[in-house]
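Working notes, structure below.
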Amino acid sequence: MRHLKQIHAHIIRNGLSNDPVLVTKLISLSSSHSIDYSTLIFNQIQSPTTFTYNIMIRSCTNNAAPHDALLLYLIMLHRGIPPDKFTFPFVIKACIALDSLAIETGRAVHALAVKTGFSTDIYLQNTLMDLYLKFGLLDCGRAVFDKMRVRSVVSWTTMVAGLVASGELEAAIEVFEAMPVRNVVSWTAMINGYVRNGQSYGAFELFRRMQIEGVGPNEFTLVGLLLACTELGSLTLGRWIHEFACKNGFEMNVFLGTALIDMYSKCGSVEDAVKVFEEMPERSIATWNSMITSLGVHGHGNEAVTLFTKMDKVNARPDAITFVGVLCACVNACMVHEGLEFFKVMTELCNIVPSFEHYRYIFELLGRAGMWHEAYELAENIPRNKLDVCVWRALLRVCETHDKAELGKVAYERIVELHSLDDSMPPNQIQLQHHCFEREVE
DNA sequence: TTAGGGTTAG
């Protein structure tokens with residue numbers, strides 16, 4: 001970023017700040033470090049063109065600001081700057097990055113693309129398919145696919161991946177088998193389809209077929225296969241994939257490394273997980289989380305906590321999942337006071353809003369420490385939202401295991417009370433829960 | 001300047 005700013009200064013001093021090529025290059029290069037800086041450059045352009053808008057829209061989406069991307073698109077239309085064939089895929093990608101509420105915007109963009117004559121662009125069609133399929137509108141995705149006059153391997157793969165994500169394994173297989181050409185991405189998408197649908201042997205069968213047909217796997221493929229090993233609980237197969245990766249010179253990137261750690265941990269070899277972790281040249285938050293969780297569930301609570309404290313030294317910021325792992329480790333290792341301290345760090349220092357899982361572990365810790373009043377206070381102070389019923393349930397659960405009938409009854413009454421405020425809960429379900437509780441109390 | 005596949009909790 002420092003070098004980029006120096007270059008930017010030279011550009012200004014040499015009177016080149018209106019050169020569209022230089023300016024757009026600056027925008028896209030700076031966006032991954034500071035979207036604010038990119039916006040600053042963009043706002044200084046005297047007469048922005050379709051091209052500069054496209055670049056700015058793409059930069060926003062690629063850097064966690066899809067909402068701004070849509071806003072820019074609207075401003076662009078408002079200013080009368082015409083979108084082109086590049087604009088539409090970028091805007092649809094912004095919709096995909098948002099939640100499914102953006103589907104209406106997506107449809108409107110689709111409509112405008114039809115009106116302006118860009119709807120037959122293969123890049124747009126592929127992106128639209130992706131949008132509809134990812135938001136569960138399988139018929140719409142299919143309709144785009146069926147209307148395409150030319151389909152590339154990307155079109156077919158998008159269809160396969162979309163069906164797989166919706167659990168439509170049979171339909172995905174049908175499309176996959178009908179593909180005229182398959183590349184490593186297509187094979188990987190299909191392998192993951194088998195894994196996600198609990199058919200891990202099918203995934204390995206496909207891996208064999210892929211190699212017979214002369215397509216080599218890459219890191220993505222191996223990650224899918226490692227998930228299959230994890231699902232099967234097969235340390236032997238997992239080791240084989242690991243050896244395959246080493247023998248074939250695969251780069252130990254964060255995804256492959258993390259999948260290996262997770263596989264070793266869940267297949268019972270925490271030693272191998274640690275070995276992989278220590279040898280990784282680069283780690284993501286998922287890598288840390290996987291390793292901490294692994295140590296925690298294997299009864300190495302102290303090691304998990306030590307590793308957690310190391311995160312700070314390498315500037316890795318813990319997230320909500322990290323604390324689920326740490327709290328779980330504390331529960332398993334009976335580190336009551338440490339756990340309570342971490343919960344404090346999480347909420348007060350890291351500003352992480354506790355989820356149901358955090359409450360579950362924290363109630364367990366408080367229960368073990370006999371701090372029932374604190375547990376009650378904690379549940380009582382949760383603002384009214386969707387989570388509070390779950391939290392009282394978590395407390396009820398802990399009360400049950402610790403034979404804490406009195407507080408359990410309070411928790412139970414709160415659950416019934418909150419349900420009665422919730423119209424979406426049918427009365428017979430409340431009755432049923434009431435019945436269950438009475439029986440448990442007896 | 002554009003399109004598709006990947007890791008962590010529960």
Side-chain angles (χ1 to χ4, degrees), chain A residues 20-21 24-25 27-28 49-59 61-62 83-93 96 118 121-131 133-134 144 148 151-162 164-165 179 182-193 195-196 217-227 230 253-263 265-266 273 276-277 280 283-294 296-297 318-329 355-361 390 394:
Chain A
V21 174
T24 48
K25 206 77 195 159
I27 290 174
S28 42
T49 60
T50 301
F51 175 51
T52 44
Y53 265 101
N54 289 349
I55 295 299
M56 195 61 217
I57 289 171
R58 188 187 61 169
S59 299
T61 305
N62 289 346
D84 64 7
K85 64 169 184 169
F86 292 99
T87 316
F88 294 116
F90 291 156
V91 176
I92 295 295
K93 275 198 123 181
I96 295 172
F118 289 112
D121 179 78
I122 190 168
Y123 284 88
L124 174 62
Q125 288 171 319
N126 291 342
T127 317
L128 279 170
M129 271 173 54
D130 198 33
L131 169 85
L133 295 168
K134 282 206 170 116
V144 174
M148 291 175 80
R151 299 186 189 104
S152 67
V153 63
V154 177
S155 322
W156 287 90
T157 307
T158 305
M159 196 71 217
V160 170
V164 154
M179 285 179 79
R182 287 179 280 259
N183 63 15
V184 60
V185 183
S186 330
W187 285 99
T188 304
M190 197 63 241
I191 285 173
N192 282 318
V195 181
R196 278 196 226 183
N218 62 16
E219 286 86 355
F220 287 68
T221 323
L222 297 194
V223 169
L225 293 168
L226 281 169
L227 292 179
T230 308
N253 65 21
V254 287
F255 289 104
L256 185 52
T258 307
L260 274 170
I261 290 171
D262 199 53
M263 179 278 295
S265 155
K266 288 182 180 151
V276 173
F277 180 83
M280 278 174 76
R283 293 165 189 150
S284 72
I285 183 65
T287 317
W288 288 93
N289 291 351
S290 188
M291 196 65 249
I292 288 170
T293 305
S294 165
V297 299
D319 66 6
I321 300 177
T322 319
F323 283 100
V324 173
V326 171
L327 292 175
C328 171
S355 72
F356 170 68
E357 287 78 20
H358 299 113
Y359 282 111
R360 247 190 56 198
Y361 289 125
C390 301

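Quick note on labels: first sequence line is chain A, next is B, and so on, each numbered from 1.
- Relative to the side chain of Asn289(A), the nucleotides dT8(B), dG10(B), dT7(B) differ in distance, and dT8(B) lies closest.
- Looking at heavy-atom distances under 4.0 Å, Asn192(A) makes contact with sugar-phosphate atoms alone, never a base.
- Using a 4.0 Å heavy-atom cutoff across all strands shown, Ser152(A) reaches at least one base atom of the nucleic acid.
- Contact annotation: side chain of Thr157(A) to base of dG4(B), donor-acceptor pair present below 3.5 Å.
- You'll find that the side chain of Tyr361(A) is closest to dG10(B), out of dG6(B), dG4(B), dG10(B).
- Among the atoms of the strands shown, base atoms are found under 4.0 Å from some heavy atom of Val153(A).
- The base of dG5(B) is paired with the side chain of Asn218(A) by a donor and an acceptor separated by under 3.5 Å.
- At a threshold of 4.0 angstrom between heavy atoms, the contacts of Lys134(A) are confined to the sugar-phosphate backbone, with no base atom among them.
- Residue contacts for Thr158(A): at a heavy-atom cut-off of 4.0 Å it reaches the sugar-phosphate backbone alone, with no base atom in range.
- Checking dT8(B), dA3(B), dG5(B) against the side-chain heavy atoms of Thr221(A) singles out dG5(B) as nearest.
- Side-chain proximity of Val223(A) to dA9(B), dG5(B), dT7(B): nearest is dT7(B).
- As judged by a 4.0 angstrom heavy-atom cut-off over every strand, Val184(A) is placed among the base-contacting residues.
- Among the nucleotides dG5(B), dT1(B), dA9(B), the one closest to the side chain of Thr188(A) is dG5(B).
- Side-chain proximity of Glu357(A) to dA9(B), dA3(B), dG6(B): nearest is dA9(B).
- Counting any heavy atom pair closer than 4.0 Å across all strands shown, Thr87(A) reaches no nucleic acid atom.
- Partners of Thr24(A) under the side chain to side chain contact (heavy atoms under 4.5 Å, CB included) rule, at least two apart in sequence or in another chain, are Phe51(A), Thr52(A), Ile55(A).
- For Arg196(A), the side chain to side chain contact (heavy atoms under 4.5 Å, CB included) partners two or more places apart in sequence, or in a different chain, are Val164(A), Ala165(A).
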